[in-house]
Amino acid sequence: MNSESKRAAATDFVREIIAEDLRAGKNNGSVHTRFPPEPNGYLHIGHAKSICLNFGVAAEFNGLCNLRFDDTNPVKEESEYTASIKEDVRWLGYDWGDREYYASDYFELLYEYAVRLIKAGKAYVDDLNADEIRQYRGTLTEPGRESPYRNRTAEENLDLFERMRAGEFEDGSRVLRARIDMMSGNLNMRDPVMYRIIHEEHHRTGNKWCIYPMYDWAHGQSDSIEGITHSLCTLEFEDHRPLYNWFIEQLGIHQPRQIEFARLNLSYTVLSKRRLIQLVREGHVDGWDDPRMPTISGLRRRGYTPESIRDFCGRIGVAKSNSTVDIELLEHCLREDLNRCAPRVMAVLHPLRIVIENYPEGKVEELEAEINPEEPGAGSRKIPFSRELYIERDDFREESPKKFFRLAPGREVRLKHAYIIKCEHVVKDTETGEIVELLCTYDPGTKSGAPQANRKIKGTLHWVSVKHALNAEVRLYDRLFIKENPGDEKECPDMKSCLNPDSIEILRDCKVEPGLSNVRPGDFFQFLRIGYFCVDKDLPDEKLVFNRTVTLRDTWAKIEKKQKGR
RNA sequence: UGGGGCGUAGACAAAUGGCAAGUCAGGAGACUUUGGAUCUCCCAUUUGGAGGUUCGAAUCCUCCCGCCCCAGCCA
């Protein structure tokens, strides 16, 4: 049983409301939700919260969840986005069956509904332009004024509306408005626009229409048409709920219940569409799927697993207060999942050559190494050991600080899966003083698994045989921002100055164990003692490229930081 | 100064008038052939504030304070 199913009983106010509705016998005991993205951008981790909620709730209550594209604005939407959205939802592990819908599928019915409202005197064609409408709307504290066109007859409205559809009028010259209440304290109820004229080709309906429904007019009716029982959306639509309900009530059609929850904010990243676009446009990242992006495609390329994202979404809860979740929780979920399933391999990022002087030249031993200590059934692999090895430069210090358990002159360490070695001499470049190699000796009786091999040694290092090592490029990714709330105007008025200059570091001379010669894009590993890495999706010929997904928790780094801080 | 929401630990988040859950972060220790993982313990005498009701209040009432959203022919 994994942690997700253990948490199956997890509840929140949304699930409670749904359970109550069920108890009250509403909707004939059925639950039907929907995930309604606008196809004008890429999905990100914030959408994942909504996806997990909508699909999760449906599954828990034996209901269904539709995928519906809210494509009511042809000037902003493109079909290239629908493909990536579908891929991302599927990758996250959710299935909408054959229920892939588009608001544009309902344009004809929506038009008929609008005609009904016009006939009932509940909607009218307004000739005011956008600027005038704004002025007539009033302000937050002052009521609005009624448009001079508000009291046209149904016949006149019908005629005008038909001609709007027929393309007789220019963009912006007229709109269809709901006739509600210009005095309302809720601005959404001050005769909201239902249709606007846009002579633009739509990605699905082509040039069939030149009037397009607004969100408020399209969304609730689409929910109703699909038989949605619970329409889950974010907090900013709370003010729209009275309007959502008003349209449905006027039409007398099936009434879904809109419930609003807080959108996700994550520390050290931005999730607003505007900011994300800015990152891409200004070239701060390499595109929407840059491994530093919080987009689903970016997280995927970074090496995040769908399981870890689902687990995260389950743990953050669903509530109504604006909150910012610590990104370390996301990373924790990731590490927990990867620890469970990532095969272990050895890779040296900053190679330092060592020579084991008492080990026979030319001799090669194939050592047995477990693939994953968390999963004994994963078996083992062979790794070659020889006289010349690479170790991590950082694993050697000429003068070792307190609590530094690694290699230093005269000190012993264990080489993982191999022998205990001792550093005898340090060889330096006579001119630069740089350490070029270490001369060591090994203790032949300490081979891993051997009877007397369990001498207590504090440090264990990873290594790779020089002769057998494969070259690799490793891209070290770190958080994109140095500020905790980069999306906050006050904390970060200028996004550029809040970027982490070290969010990517490319290492081109890394050495990895020979077993990695046949990896494929997306394969993931734990590089022992370093972190989790995955093979980048763009694998150049004859070259290995690994992305660092997340580091291992590093106790030594913490100790060292504390020592330096003193 | 209109309307709609929200305030529980550093970050999330439970509690539904009856002893303030859990998770992440942080701290201490155990264990360890990954300084990983794992395990143990610590981390809110108090729920934005002040009054009130009650045997008993995070929860009910009153007032106050703070924060978020809304004036697109965007969603």
Side-chain angles (χ1 to χ4, degrees), chain A residues 7 10-12 16 36-38 40 70 72-73 75-77 126 128-131 133-135 137-144 171-177 183-190 192-198 212 214-216 218-219 233-242 260 262 267 273 315-333 335-336 339-340 344 346 373-374 403-406 413-418 420 446 448-449 453-462 484 526-531 551-559:
Chain A
R7 245 183 298 279
T11 192
D12 52 65
E16 271 169 28
E38 184 188 11
N40 73 339
D70 228 330
T72 56
N73 188 348
V75 311
K76 295 170 72 176
E77 294 144 10
D126 197 346
L128 257 30
N129 64 36
D131 207 47
I133 285 182
R134 188 179 330 118
Q135 282 164 21
R137 186 156 33 227
T139 67
L140 294 180
T141 51
E142 298 159 24
D171 286 10
S173 60
R174 272 176 243 259
V175 291
L176 184 74
R177 288 229 252 174
M183 307 285 284
S184 175
N186 182 345
L187 299 253
N188 294 301
M189 300 300 271
R190 316 237 266 229
V193 171
M194 294 166 66
Y195 278 95
R196 69 288 215 197
I197 301 170
I198 304 175
Y212 291 92
M214 296 285 290
Y215 166 85
D216 286 304
H219 198 92
C233 63
T234 45
L235 251 28
E236 66 270 28
F237 292 104
E238 217 150 13
D239 287 349
H240 294 240
R241 184 165 13 107
E260 311 84 12
S267 63
K273 205 163 270 179
R315 290 196 203 208
I316 57 177
V318 179
K320 296 195 69 155
S321 57
N322 288 311
S323 58
T324 301
V325 177
D326 195 334
I327 193 154
E328 298 210 51
L329 178 58
L330 212 210
E331 291 175 349
H332 168 82
C333 294
R335 288 192 181 102
E336 194 172 83
N339 175 55
R340 196 159 41 215
R344 307 307 120 121
M346 294 202 284
E374 300 294 319
K403 292 192 181 171
F404 182 83
F405 302 144
R406 307 176 186 180
V413 293
R414 168 166 298 276
L415 293 180
K416 182 71 180 173
H417 303 304
I420 291 171
T446 57
S448 278
N454 38 358
R455 256 168 63 199
K456 283 277 181 241
I457 294 287
K458 273 285 195 183
T460 301
L461 309 188
H462 58 276
E484 195 169 335
Q526 183 195 103
F527 286 1
L528 230 58
R529 302 208 307 133
I530 303 174
T551 61
L552 243 29
R553 286 188 64 220
D554 189 344
T555 309
W556 165 243
K558 211 177 280 178
I559 292 170

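Lettering of chains follows the sequences in order, A, B, ..., and the numbering in each one begins at 1.
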Sugar-phosphate, base or nothing in reach of [X], heavy atoms under 4.0 Å:
X      : answer
A:F404 : base
A:F237 : base
A:A130 : base
A:M346 : nothing
A:G449 : base
A:D70  : sugar-phosphate

Exercise for the section: Please list, chain by chain and in numerical order, all residues satisfying salt bridge (Lys or Arg N to Asp or Glu O under 4.0 Å) with A:K320, sequence neighbours excluded. Expected result: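 Residues passing salt bridge (Lys or Arg N to Asp or Glu O under 4.0 Å) with A:K320: A:E238, A:E260.
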Distance check: side-chain N/O of [X] vs OP1/OP2 of [N], anything under 4.0 Å?
X      : N     : value
A:R190 : B:A71 : no
A:R455 : B:U33 : no
A:R414 : B:G35 : no
A:T555 : B:G36 : yes
A:H332 : B:C24 : yes
A:K458 : B:U32 : no
A:R335 : B:G36 : no
A:T72  : B:A75 : yes
A:R344 : B:G36 : no

Problem - Between A:N188 and A:N186, a side-chain donor and acceptor under 3.5 Å - result: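 There is such a pair between these side chains.
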Taking atom [atom1] in both [N] and [M], compute the distance separating them and give it to the nearest angstrom.
N     : M     : atom1 : result
B:C67 : B:C73 : C1'   : 32 Å
B:C12 : B:G48 : P     : 14 Å
B:G10 : B:A44 : C1'   : 12 Å
B:G22 : B:C64 : P     : 37 Å
B:A20 : B:A15 : C1'   : 8 Å
B:U47 : B:A9  : C1'   : 10 Å
B:A13 : B:C24 : P     : 16 Å
B:G18 : B:G56 : P     : 14 Å

Taking the side chain of [X] as its heavy atoms from C-beta onward, which of [options] lies nearest to it?
X      : options             : result
A:L329 : B:U33, B:A71, B:C24 : B:C24
A:N129 : B:C73, B:U33, B:A71 : B:C73
A:E328 : B:U34, B:A25, B:A14 : B:A25

For [N], the Watson-Crick or wobble counterpart (both distances under 3.5 Å):
N     : value
B:G36 : none
B:G2  : B:C70
B:C60 : B:G52
B:G7  : B:C65
B:G22 : B:C12

Looking only at N and O atoms, is any donor in the side chain of [X] or the base of [N] less than 3.5 Å from an acceptor on the other one?
X      : N     : result
A:R529 : B:U34 : no
A:R406 : B:G35 : yes
A:N186 : B:G4  : no
A:E374 : B:G36 : yes
A:T460 : B:U34 : no

Handout entry: Main-chain N/O of A:I420 paired with A:T446 side-chain donor or acceptor, under 3.5 Å
Key =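 Confirmed, A:T446 side chain pairs with A:I420 backbone.
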Round to the nearest Å and state the distance from [X] atom [atom1] to [N] atom [atom2].
X      : N     : atom1 : atom2 : value
A:E260 : B:C70 : CD    : C1'   : 13 Å
A:E238 : B:C68 : CD    : P     : 16 Å
A:E236 : B:A71 : CD    : P     : 11 Å
A:I327 : B:G26 : CD1   : C1'   : 18 Å
A:N339 : B:C24 : CG    : C1'   : 17 Å
A:I559 : B:G27 : CD1   : P     : 10 Å
A:Q135 : B:C73 : CD    : P     : 13 Å
A:H240 : B:G3  : NE2   : P     : 17 Å

Any [X] side-chain heavy atom under 4.5 Å of [Y] side chain:
X      : Y      : result
A:N322 : A:L235 : yes
A:H332 : A:E336 : yes
A:L329 : A:E331 : no
A:Q135 : A:N129 : no

Problem - Anti/syn call for B:G27, syn if |chi| within 90° - result: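 Anti, angle beyond 90° from zero.
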Handout entry: A:Y215 aromatic ring stacked with six-membered ring of B:A75, 5.5 Å and 30°
Key =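 Ring-base stacking flag not set for A:Y215 and B:A75.
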